[in-house]
Structure formats: C-alpha cells, structure tokens
Visitor: 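Sharing a structure below in structure tokens format, with a few things to ask.
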Amino acid sequence: SFRSKSSGKADINYYDDEDNEEETDLATNSLLNKLIRKSLVKSSYNVEVLQKDPTSPLYSVKSFEELRLQPKLLQGIYQMGFNRPSKIQEKALPMMLADPPQDLIAQSQSGTGKTAAFVLAMLSRVKADQTFPQCICLSPTYELSLQTGQVVEQMGQFCSNIKVAYAVRGNRPSKGSVIAAQIIIGTPGSMLDWCFKLQLIDMRKISVFVLDEADVMISTQGYADQSVRIKRNLPKFCQMLLFSATFEDSVWLFATRLIPDSNIIKLRKEELTLDNIRQFFDPCENKEQKYRALSNIYGIITIAQAIIFCQTRKIAKWLSQEMIKDGHRVALLSGELSIEQRAAVIQRFRDGKEKVLITTNVCARGIDVEQVSIVVNFDLPLNKDGDIDCETYLHRIGRTGRFGKKGLAVNLVEKHSLNLLYAIEKHFNIKIKQLNTDDIDEIE
Ligand code: ADP
C-alpha cells in the first residue's frame, strides 16, 4: 500500500523542468514586502530587551511626544499617519535617541516598524545646519536603498535642510566632490568607494551607522566583509544600529561581532499553527483531473479569497490559462513579472479586487495575505530533492493564533504521490480528510 512506503519522496521530479523557479531572492522578497505594506504588522508577543548595562533604567514610550523630538520631525511623523510607536519602537526609540547614544541590535519581522525607527534616529541626530555626511545607512540593494531614502524624505519633509544622497550603482560622483547631504544610504560596495576610493565621506564625522536587513546582507557575497571594513573606520562616538527580520545563528554571529556589547531587542514572530484549518485532499490521476477538481470547487473558493499554489511557473501559467478559458477570473503571480508588476498583483488581491490568485512557492514566499481563508495546493510543496516540504506546507496554510480565523485547505494529489500526503500527516500528527469534489457539501 501507499502507506507502507511513505518515504515522502515524489515519483516525478518537478525540478527537472526547464522552467525551474528562480533561486529564492531574499532581497526581492524584502522589497516586495515593502512595496505592498501599508501598515504595521501587529504582534501579541512582548518585546524582549537585553541591555548592555542592565542596571540602567529601561525606558519605554507610549507616545511620540515623550521622545522630545524637534517639532518639525514630530510633524513629519504625524503627517505619515503614525499615532503612536509600534511595539518595537516603544522600547527601541528611547535607546536609539538616548544621550549618550547607545548601540542597538534589533530583530523583528518585516513590517513591525524597524525602518521608521532608524530613520527617526538618523533624522533626529543630524545637524541640519552642517552640510557634510553624518549618517551612513547600508542596505542590500539599490531598490531597498531608495525605499529607505523615501522614508527619510517623507518623515523629514518639514526638516527642509536635511538632504539624502545615494551611494548606489550608477551614481558615482567624481573623486573628491563635495557631498552636502547629511544622510548617505547605499549598498556596501558603492559605499566603500564613496568612503575611500572617491573620498567623498569623511568617516571621522559620521555619528550614526545603520546596517539594515542584516540577514539579507550576509547572504550576499562580499557584503558582510565590506560592511565590516566600513564599520572599522568609524569613530568611537559613532552610534551603531543593526536590524534584521530573521535571526539565525549566522546573523547573530555577524551582528554581535560587528557590534559587540550592544543592547539587543527582539520581537518574536507569531507562531503558525494548523489548529484552525480544515484540511482535505482529493486524489487525482493527473493535472487535467486536478483541474476538473478545482473547477468543481471554484464556486466555493470564490465565496472567500483563495490562493492556489503550483510547483512550477509552467504549471501556474497553464492553470491560469485553462481557468480563464473557462470564464473564471484569476490573477497570476509569476516570477516572469517585474517586481512592480508583482506588487501590483498582490495589491489588487489584498484589496479584494481579485478573488483567486495562482502562484508558485518562490513568488509567494514571505508574503502574508492575512485575509486569505482558502488555500489550494494544486501541487504539494516539494524541496529540491523532490521530498515533501512540510515547513512550506505550514507556511502556505498555517495561521497565526491572532489571525486565527477558520481556514480551509484543499490538497490535490496525484494518486501515485499520496505518500507525500501521508508524510505531511505524520509530520504534523494530523489527519487530512478525503474530499469528494463531485459532492462538495462537506466543505460548505
Ligand atoms: P520594517 O522596517 O520592520 O519592515 P517599517 O518601518 O517599514 O517596518 O513599517 C512597516 C509599515 O508600518 C510602514 O508602512 C510604515 O509606514 C508603518 N509604520 C511604521 N511605524 C509606524 C507607527 N508607529 N504607526 C503606524 N504605522 C507605522
């Protein structure tokens, strides 16, 4: 029987496909998250703080007024629609704005207010009447640098004398030019050039150093070393701030080496659970039959919003074409789209303008669409070896306790691959019920 050989291996290897998905690109995901994020991600966890000096009092602020910011900066914050500090900002801002300045390593998931916090710190430390570089902010890509710069410009919109310059590819002033901007944002390689080769920045005058997206940074060849070289040349009084969305050991090691004896702030990510999710499977012969099964439940899935996951771009494209041919309305989120197009597709889905989104793993990774209540695995998630990928399964259909609305997951499984499904049941110690899509009363 299938059960006895539940090795979790797929009989067919989708990864032989020529149109394999592109490698996961952390920086692209990060940018996508920024493009689609319009508000804070909330967390039910408390912020954990590890102070460098545990005897010093720990301040926490519940309002921006308590921070005694310059009125023009406060005005910028309110103009952005911020009413009160986010959870991580409550604890991080008093430390970041303290006198004398304190170093900080902070970790919390994307969308929790890290960028806004360090932008605020840079803006409030800058001496606007002095026109030379005073803050360096390292970011992993050109696009992410510009995103951060936009936040600086927005928050600092009433601080008219504060200027930003970008040390990024394609922007290379001639050697020894005078840079009047106080805040320099850029990628490590270009920043090194600006500092040393082009001598545009007098390192002795830098008072704030920010390293953003440390996890993305260390996954990019050469960036960790380049960041260390920049940091080494900064003066003793310079405030060091490092941020990361995730904190694996490698990030941790890098962070604590770069900024030893730092204050540390962490906000745990909400755990995903399968508790509130009703899970079904429908055994099918082939992808055509899977398509028919999907058509049968189309009426149900469009009552709410649904995401349909496919293993490859090719299948995703085929499926969306078939559905459109049959008069269904679906949106396709594919790796072939530019990042702006992807952001637009996700935004339309979020706004409820599209009810069904077809996508692949890579595209959807890192994107949380809280209102989705139905997930269809047109293909079960596999890793590169063709083994079942339980973690991705959890990410696709799991919910956080907070957003613990009831969810529905339907797995369309080729009969010869049922062992994959059994591997999921075993891993999570759950039972996935068989669904008869010709008789769908069960899920209504
Ligand atoms: P992160 O850097 O952790 O990804 P951001 O600083 O980019 O988070 O913030 C995520 C979103 O929340 C942005 O749209 C930002 O404008 C908004 N935001 C940040 N801080 C606040 C706040 N205190 N109140 C309301 N919105 C905020």
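All of these numbers come straight from a predicted model, not from anything done at the bench. Ligands are counted one by one from 1 in listed order, and the atoms in each one are counted from 1 as well.
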Visitor: Among Ile77, Thr148, Thr115, which one has a heavy atom closest to atom 7 (O) of ligand 1?
Guide: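 Result: the heavy atom closest to atom 7 (O) of ligand 1 is in Thr115.
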Visitor: Side chain or backbone, does Gly113 bring an N or O within less than 3.5 Å of an N or O on ligand 1?
Guide: yes
Visitor: Is any side-chain heavy atom of Glu354 less than 4.5 Å from a side-chain heavy atom of Val330?
Guide: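 A side-chain contact is absent here, since even the closest heavy-atom pair is not under 4.5 Å.
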Visitor: Counting only heavy atoms not in Gln221, do more than 12 sit closer than 6.0 Å to its CD atom?
Guide: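 Incorrect, the count does not exceed 12.
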Visitor: What part of Pro85 sits under 4.0 Å from ligand 1 if we count only heavy atoms: the side chain, the backbone, both or neither?
Guide: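 Backbone only.
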Visitor: Ignoring hydrogens and angles, write down the donor-acceptor pairs under 3.5 Å from the side chains of residues 51-61, residues two or more places apart or on other chains.
Guide:
unit_1 : atom_1 : unit_2 : atom_2 : d
Gln51  : NE2    : Ser56  : O      : 3.3
Gln51  : NE2    : Ser56  : OG     : 3.1
Asp53  : OD1    : Thr55  : N      : 3.0
Asp53  : OD1    : Thr55  : OG1    : 2.5
Asp53  : OD2    : Thr55  : OG1    : 3.4
Ser56  : OG     : Asp53  : O      : 3.1

Visitor: Can you tell me which portion of Ala117 lies within the under-4.0 Å heavy-atom range of ligand 1? Options are side chain, backbone, both, or neither.
Guide: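 Contact part for Ala117 vs ligand 1: neither.
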Visitor: Are more than 12 heavy atoms, taken from residues, nucleotides or ligands other than Lys72, located less than 6.0 Å from that residue's NZ atom?
Guide: no
Visitor: Before signing off on this row, confirm whether Asn83 and ligand 1 have an N or O atom pair separated by under 3.5 Å.
Guide: no
Visitor: To check your reading of the model: name the closest protein heavy atom to atom 11 (C) of ligand 1, its residue, and the distance in Å.
Guide: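 Minimum-distance protein heavy atom for atom 11 (C) of ligand 1 reads Ser39 O, 3.6 Å.
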Visitor: In sequence, state the C-alpha distance, the side-chain angles, and the governing distance for Ile105 and Phe247, and then conclude on side-chain contact (heavy atoms from CB on, under 4.5 Å).
Guide: CA-CA 11 Å; Ile105 293 173; Phe247 240 134; 3.6 Å; yes
Visitor: Within ligand 1, which atoms have a heavy atom of Leu40 less than 4.0 Å away?
Guide: 12 (O), 18 (N), 19 (C), 20 (N), 21 (C), 22 (C), 24 (N), 25 (C), 26 (N), 27 (C)
Visitor: For Thr112, counting its heavy atoms only, list the atoms of ligand 1 lying under 4.0 Å from any of them.
Guide: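 Going through ligand 1 atom by atom, the ones under 4.0 Å from Thr112 are 1 (P), 3 (O), 8 (O).
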Visitor: Scan Gln107, Lys91, Met96 and name whichever one has a side-chain contact (heavy atoms from CB on, under 4.5 Å) with Ile265.
Guide: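 Exactly one pass, corresponding to Lys91.
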Visitor: Flag Gly111 as yes when one of its N or O atoms lies below 3.5 Å from any N or O atom of ligand 1, and as no otherwise.
Guide: yes
Visitor: So, is Arg84 polar-close to ligand 1, with some N/O to N/O distance under 3.5 Å?
Guide: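 Yes.
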Visitor: Could you list which atoms of ligand 1 come closer than 4.0 Å to a heavy atom of Ser110?
Guide: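 This gives 4 (O) as the contact atoms.
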Visitor: Can you confirm, on distance only, whether ligand 1 has an N/O atom lying under 3.5 Å from any N/O atom belonging to Phe64?
Guide: no
